[in-house]
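In what follows, a structure is listed as structure tokens, so that the remarks can point back to it.
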Amino acid sequence: MAAIGQALRLSSGGQIDRGRALGFTFDGQPYQGFSGDTLASALVASGVRLVGRSFKYHRPRGILSAGGEEPNALVELRTGARREPNTRATLAELYDGLEATSQNRWPSLGFDVLALNGLLAPVLVAGFYYKTFMWPAGLWERLYEPMIRRAAGLGRAAAAADPDHYEKAFAFCDVLVIGSGPAGLAAALAAGRAGARVILAEEDFACGGRLLAERQEIDGRPAAQWVAAALAELGALPHVRLMPRTTVFGTFDHGTYGALERVADHLPVPPPHTVRQRSWRITAKRAVLAAGALERPLVFPGNDRPGVMLAGAVRSYLNRFAAVPGGDMVVFTCNDDGWRTAHDATAAGLRVAAVIDARPQVAARVRQDSVGRAILGGRVVGVQRGRGVHGVTIVDADGRRATIACDLLAMAGGWSPVVNLTCHLGGRPVWDEARAAFLPGPLPPGMRVAGAAAGDLTLARCLAAGAAAGAAAAEELGFKSAAARAPRADDEPAAITPLWFVAGAGKAFVDFQNDVTVSDVRLAVREGFRSVEHLKRYTTLGMATDQGKTANVNGLAILAEASGRGIAAVGTTMFRPPYSPVAIGAIAGHHRGKDFRPTRLPPSHAWAAERGAVFVETGPWLRAQWYPLPGETDWLASVSREVRATRAGAGVCDVSTLGKIDLQGRDCGAFLDRVYTGMFSTLAVGKARYGLMLREDGIVMDDGTASRLAPDHYFMTTTTANAGKVMQHLEFCHQVLWPALDVQMVSVSDQWAQFSLAGPRTRDLLQKLVDRQHDLANDAFPFMAAREITVLGGEFARLFRISFSGELAYEISIPARHGDALIRAIMAAGAEFGITPYGTEALGVMRVEKGHVAGNELNGQTTARDLGLGRMMSTRKDYIGRVAAARPAFHEADRWGFVGLRPVNPAQRLYAGAHFLPQGAPATEAYDLGYMTSVAYSPMRGQWIGLGLIARGPARIGERVIAHDPVRSGDIPVEVCHPVHFDPDGGRMHG
Amino acid sequence: MAEARLVPRTPLEDMARPGRYGLADGPAGVLVQERADRVLASVIARHGQGGAVAEAVRSAFSLDLPPGPRRIAARGVAFTGVGPDQWLVAAEGDARRDFVARLGAALAGRAAVADQSDGRVVLEVSGPRVLDALAKGIPVDLHPAVFTAGAAANTLVAYIGVQITRIGDALVYELMASRSLAGSLWSWLATSAAEHGLELRQPRRG
Amino acid sequence: MRIDCPYCGERGSEEFSYLGDADTLMARPDADRPDAAAAFHAYVYLRDNPAGRHRELWYHGAGCHSWLVVTRDTRTHAITVVISAAAPRAAGGRG
Amino acid sequence: MRYSIFSLIRQAFRGHAGWEPAWRDPAPQSEYDVIIVGGGGHGLATAYYLAKVHGITRVAVVERSWIGSGNAGRNTTIIRSNYGLPGNTAFYEWSMKLWEGLEQDLNYNAMVSQRGVINLYHSDAQRDAYARRGNAMRLHGVDAELLNRAQAREMLPFFDYENARFPIQGGLLQRRGGTARHDAVAWGYARGADRLGVDIIQNCEVTGFLIDSGHVRGIVTTRGVIRAAKVGLAVAGNTSRVAAMVGLDLPMESHVLQAFVSEGIKPLIDTVMTFGAGHFYISQSDKGGLVFGGDLDGYNSYAQRGNLPAVEDVLEAGMAVWPGLGRIRYLRQWGGLMDMSMDGSPIIDRTPVAGLYLDCGWCYGGFKATPASGWCFAHLIARDESHPVAAAYRLDRFATGHLIDEKGQGAQPNLH
Ligand SMILES: Cc1cc2nc3c(=O)[nH]c(=O)nc-3n(C[C@H](O)[C@H](O)[C@H](O)COP(=O)(O)OP(=O)(O)OC[C@H]3O[C@@H](n4cnc5c(N)ncnc54)[C@H](O)[C@@H]3O)c2cc1C
Ligand SMILES: NC(=O)c1ccc[n+]([C@@H]2O[C@H](COP(=O)([O-])OP(=O)(O)OC[C@H]3O[C@@H](n4cnc5c(N)ncnc54)[C@H](O)[C@@H]3O)[C@@H](O)[C@H]2O)c1
Ligand SMILES: Cc1cc2nc3c(=O)[nH]c(=O)nc-3n(C[C@H](O)[C@H](O)[C@H](O)COP(=O)(O)O)c2cc1C
Ligand SMILES: [Zn+2]
């Protein structure tokens, strides 16, 4: 297919590079544009009018605006996994090879079956769905809802993973200037010249704001030249950073702004190592909001037809893009600014058939005769259309109807300051009757507003206000700004008499994107939805992707009229971030996939990977779960082998993930007495003790050991899961509760590699590693001994005789750099004893065999007594959680207590999460006795075993109950037993 | 067996090989070198002993302890403030010898000293684009006039706790994080520097 | 939000953990008092929850590990004072 | 006027001129039998059931702003009864039963959509915890299924099963769970209550209480004094503020929770999904927007808006589980005031002030409770005794230790 030419491109002027032609397609049809175009301007230049279909009635829609406020010209940009639905053609920078597709139509844009909805329009009024689709009830999910869902929605998202990359960045500045129109540039210049660190953020790819679209002069030369000079000067200031293609999307607390930089959206695909977009968190001491103003449409029947465009947008297309949106134009306005479009169009060689100004009088200065027919006090009441606009029906001041032929209707409803970012912290704008606009209300701390965003609509005032705001912001921060002469410019006329809607036959649209009409607003009022927020929610006015940027003020003015109130009394709906929609990927940055959150690796990781270990995510850690041997296909085979080998000879497991805290100071003992339920001040030097910590509400928080290395030196371990939480808790206890205690604590979790050595041969094994002078005999180094030692010829280490497995067991710590070497040394030394590395699964099996509690039991709901650890609660002292643990509910007889469980039929498997029911009882909650917390296949017992919490706990030992697991395994009869399933007298551990 | 030497491994050793990463043309924008040649220790003044610690440090190391988050260094020993009355001390070169023991002796009764030499991965980061890369994660203002020579901060990068220190007048920064997070820290840094090109040098070992 | 840590300087709130009402949480009751059960019920569960000025505990876990008392308006999030929670007793505190 | 397709078509021929206000806009009378403070879902439902079930129609609902302006109008619309602890399960299941007949009862289409709720799990321990929960649900007669990875993948094909930091292993599914259109719930109850004679009084803020020898006699409002011998509080995130007017200290903090909606897109996901390894849950509204949220911002707030770190946390988790979200844009974010109780469960109970009743502590999960909360609160107010399914929601449980702590986080509201 040959590319359609740019028939509607002016031969000169504009900010496009005619030397760089770019090819693109829209709905598969090839077109051409130039560098400097947006997709929208290139479509305009190519004569494309129809660009989309509306949300509800599937009405044909054309390009309305030339900026981010666009409600109609939304396309699917790109294809495949890069498809981006709902992309505004007016913001999409043209690149060679761009592919765009219209959306929300079937089978084609020109012929859309759902345009039939237009026939149903009398029924499909605001909120119709609340009144119907209720019978029969069962049809909602099966018929009505799927139908509505398919019809609703706009573009199609790509289902596949986004292939592009994103990142986040932080920036700090003295003054953040938002918007690079005349006000923003003047503000940035003033603050930058004073020496302040300035960031100038601009959503557009080109700086200059409205100046790019107007034929105005500054200091006697074309505004574009002034813009270029300003940018050159700013670019040369070392403390100024220009950020085009960057939208400030949100104002957050304490000078924090969110901004989105579109780094590579103007390229077909991001170049290698370049991200698509970057989200910025900008911390600014001061901000100058110079976001300009957005033009409002006029509300009259047929105002949504392709060929009806905002008057300011017409100027943008003509002046900035040299693209001609129509040949024969009618302007419909209620303010002076609309006339400018007529003048500019005439200057560009268009025929201006008429200017219809709703006001009866217009200043002579505004009204010049170059603009064709002027109809004052007139109104447009209808649009003649075929594929586009053919003409307009007007009513003049005397009520006479007439038709004027034209192919472009430019409408100018007045300008609404872009106050969004002043409102994100809860501020509400205030209605200004004279300017017929909402102006910024109370401002976020540190923010100023300048230019059209503050309601100053003329160029001279924008320049002056911008410069003043920039200078004041810098001065507040102690910078001296030299008084500079404000650039000279026009005070162009900007008078307005608002016209909120024109009555007439046919649909008059308020919200183009959500197809909200004047009659919808009135219906809502009739039904009692008179609050502006109710109106919004009932009609969906302002809830589409443009958030009502062009619609809201008209909507609430119509609401005000219909409900007999003033606009000020009606107020606006809440403005919320983001100012314009932000890609989810950009905010996520590179935190996706494996980088979603950091991964902690223990010192033996590389070694374990070499051995082919299977790893498992446990909180922040990646740990070896088991170490399969060749030929083992079933995890259970590997795990059982690891358990057997450990219990038969020796096993080793990396337990470096435990939290480790070094405590020093005179009062450590006293401090530990207050944070543990047990006594630690009495612990002998060279000994370790098991400790239990409660939360202040009496529930168990964590368990671990503390060893006394010297009179005023303790070493504490916590569970892997709670390491951070315990550290924070201890700091709280120390700094907030008992700051007078002499306790110094620091996390040494990463300093030490720590290995658990378990099994009857571990003493023999250790003997080979530990330097000779350290006696490991049972008497010399008994159960719960804790010492500093040396290994392998003088390397410093610590040895603890602690057992989680119930075996003769040690934990050996060595500075982490040697962790890898030590595990290799242990393996080498242990070969003769059948040393076997074991992972977290085997660790879990052995602890279940021994009836030790772990995470499944320490679940934030259990007390020490529940877990059979009541005897660890000292009665001789106060400690965290003691008083609350005495509450009556914690002592009730039928509280769930800790027990062991075995299947009655030893061949059956157990499942954690099963609930216990009395045998023969119905499966209802009234008989719920508790649940299975942990299970394991015990190779030592040759059957599955479990731990659980059951009403009346140990009193039930010997009873049979049903383990009820309807979501998985069904019912399994089990016997309640003592939680220690293996070696109940602990002989192996003490051996 | 006892004669087998333990071969130490640096935290980054198993995570990344020295070489060029990201953008391959032109000089690398970011240079990274692992510093495994430092002895590190945390020092926490005992209750009410902040002044005494300062005095002891002055006499033992001729250094005036920084009261805030700054680094001060002389003769291979550097103290960096990490919290009220808390410092992380680094020794390199000759000063390494028995450093933790010497420090402990100098501060006996006045401060708790704990060896942290193995607890951290230490990356020295520099290069013409170093600030651009660091801005992609470091949430503190690194502007050279604000984060001056010797400035230090404990903060979060990509959910990783780090200590960042500007270790001289040049734009050279030291990033320190928990050893177990070396791989994740590297992943963040390598990704952030990719568009500028990154060169990972051979680690400096102790 | 940005919290001006007395030690570290101004930092994003994501570096901190929140605990809650400082005036309650800093005043842990004496376990031996006769009404200890009631006192601990109030201590553990009945925190002040005003719409307005609130003194609250934050922990600078990703920074200097200090517990701080932050005075913040819960309607606007405006922070007026940040002090260390450790001795000498945070000014204005009860305990 | 009854709503139906016929009345809709009839009105279409008359330009919809005949519709009446969905609820009246009455001036407050000087006295009522019962005043409900708070025109959110719970307050409106309470008024409806007071009138409908208990025949008490001299009822006023007093709302300081427009009805539904609080959490009723800003939640992510998930309804489910997949709770695990005794005390909760039966209550939420009762609520689910009421949802199932709600629209016919109210003659209002609240778009109750039982499209299923899946909670993903990522580890064996999480799987077992869900099994525990699913089994508890089944014991209460609630539907629950434990899905393995393949079954989860079938329902949620786009998710990241291979390259994830926390791989998806399966999920707990409640097929009867789903969503309902939040605003319509408030409006439907308002219309239903209004038709039974309840006065719904908007723009009327309660500023004080009339109390006489320990008994409530009425309320003071910005529109004058209104008397009643029974007053029920259903003011969600503002509970502490209002309770302070009668000197009541409650085990509660007000926190901000944010939510998000994306631009409208064609249907992509037709269940509700919760990510078990981060803070993220998502569903798609009938209009096409992806509605999603995550964790609390984490500090006390009455600002009804949040900050960036929570936004980042939520969107990162979204990308982690569903990397296809990357190019979809989020359109709007907002916040609500959560009445976070100290054990994460609600309170429906009397107070030390006679005649003053309390319904609060709903945390981020009270939308689904709306029907049952209204039902049980009406029961409590009408009969002065707890409804059996809400009997555990006592105010004194913190003193006695009968906590209902599903998450096991203890007295730390921002962690529930
Ligand atoms: C972002 C977000 C997501 C959520 N997602 C879910 C979800 O998916 N599922 C779920 O089950 N729950 C969810 N929730 C929670 C749920 O919305 C609430 O628990 C529930 O709505 C609270 O009950 P309500 O509707 O009565 O409260 P509200 O609607 O908040 O009603 C309280 C009313 O009291 C009024 N009021 C306050 N003070 C006064 C006064 N002094 N005088 C008069 N009136 C007063 C308020 O204006 C308000 O209208 C979510 C909440 C939020 C914010
Ligand atoms: N005479 C009239 O009736 C009338 C009416 C309106 C505007 N104007 C003219 O418009 C101009 C107004 O100047 P100005 O500087 O106030 O505004 P501007 O409209 O010229 O510039 C605002 C700029 O801010 C950018 N922007 C907006 N929000 C942003 C965000 N969140 N992040 C990044 N960038 C953002 C826009 O892209 C735009 O470039 C003057 O030239 C004035 O004469 C005249
Ligand atoms: C389930 C749900 C869906 C929503 N969908 C949209 C939407 O499509 N467009 C929109 O602008 N806002 C949407 N919102 C957000 C509301 O506009 C509004 O932000 C929210 O109700 C909170 O009110 P506030 O922002 O006025 O404080 C939605 C809110 C909810 C709870
Ligand atoms: Zn700090």
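Throughout, a chain's letter reflects where its sequence line sits, starting with A, and its residues are numbered from 1.
- Not a single donor-acceptor pair under 3.5 Å links the side chain of D:E253 to the backbone N or O of C:G20.
- With a 4.5 Å cut-off on non-hydrogen atoms, D:D249 touches chain C through its backbone and its side chain both.
- In this structure the side chain of D:T221 reaches within 4.5 angstrom of the side chain of D:I226, judged on heavy atoms.
- Looking at D:N300, the atoms closer than 4.5 Å to chain C (heavy atoms on both sides) sit in the backbone and in the side chain alike.
- Residues of residues 339-360 of chain D having a heavy atom under 4.5 Å from any heavy atom of chain C, listed by number: D:M342.
- Side chain of C:T24 to backbone of C:D21: no donor-acceptor contact under 3.5 angstrom is found.
- Side chain of D:W334 to main chain of D:R74: a donor-acceptor pair is present (N/O by atom type, distance under 3.5 Å, no hydrogens or angles).
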Please evaluate residues D:Y364 and D:D295 with respect to the criterion side chain to side chain donor-acceptor pair (under 3.5 Å), reporting the C-alpha separation (whole Å), side-chain torsions for both, the decisive distance (0.1 Å), and the verdict. CA-CA 9 Å; D:Y364 43 74; D:D295 203 8; over 6 Å; no
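- When heavy atoms are compared at a cutoff of 4.5 Å, D:L337 does not approach chain C at all.
- Ring orientation note: the planes of C:Y18 and D:H255 are nearly perpendicular, at an angle over 60° on the 30°/60° scale.
- With hydrogens and angles disregarded, no donor-acceptor distance shorter than 3.5 Å links the side chain of D:R223 to the backbone of D:C204.
- By the 4.5 Å heavy-atom criterion applied to side chains, C:R47 and D:P413 are counted as neighbours.
- Listed in order of number, the residues of residues 308-319 of chain D that approach chain C to under 4.5 Å between heavy atoms are D:P309.
- Scanning residues 71-79 of chain C against chain D with a 4.5 Å non-hydrogen threshold yields C:R72, C:T74, C:R75, C:T76, C:H77, sorted by number.
- D:Q258 has its side chain within reach of D:D297: a pair of non-hydrogen atoms, C-beta onward, lies under 4.5 Å apart.
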Evaluate D:L250 against C:L46 for side chain to side chain contact (heavy atoms under 4.5 Å, CB included), listing each step before the verdict. CA-CA 6 Å; D:L250 293 175; C:L46 302 183; 5.7 Å; no
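- C:M26 places a side-chain heavy atom less than 4.5 Å from the side chain of C:L57.
- Here the two rings, on D:F91 and D:W362, have centers that are under 6.0 Å apart.
- Ring geometry for D:F292 versus D:F260: interplanar angle under 30°, hence parallel rather than tilted (30 to 60°).
- Once rounded to the nearest 0.5 Å, the distance linking NE2 of C:H60 with SG of C:C8 reads 4.5 Å.
- In this structure, D:S386 OG and D:R394 CZ are separated by 7.0 Å, a value rounded to the nearest 0.5 Å.
- Both the backbone and the side chain of D:A411 come within less than 4.5 Å of a heavy atom in chain C.
- By the 4.5 Å heavy-atom criterion applied to side chains, D:F367 and D:N71 are not counted as neighbours.
- With contacts defined as side-chain heavy-atom distances shorter than 4.5 Å, the pair D:I404/D:Y393 qualifies.
- Residues of residues 30-44 of chain C lying under 4.5 angstrom from chain D, judged on non-hydrogen atoms, are C:H41, C:V44 by number.
- Between the side chain of D:E63 and the backbone N or O of D:S65 there is at least one donor-acceptor pair closer than 3.5 Å.
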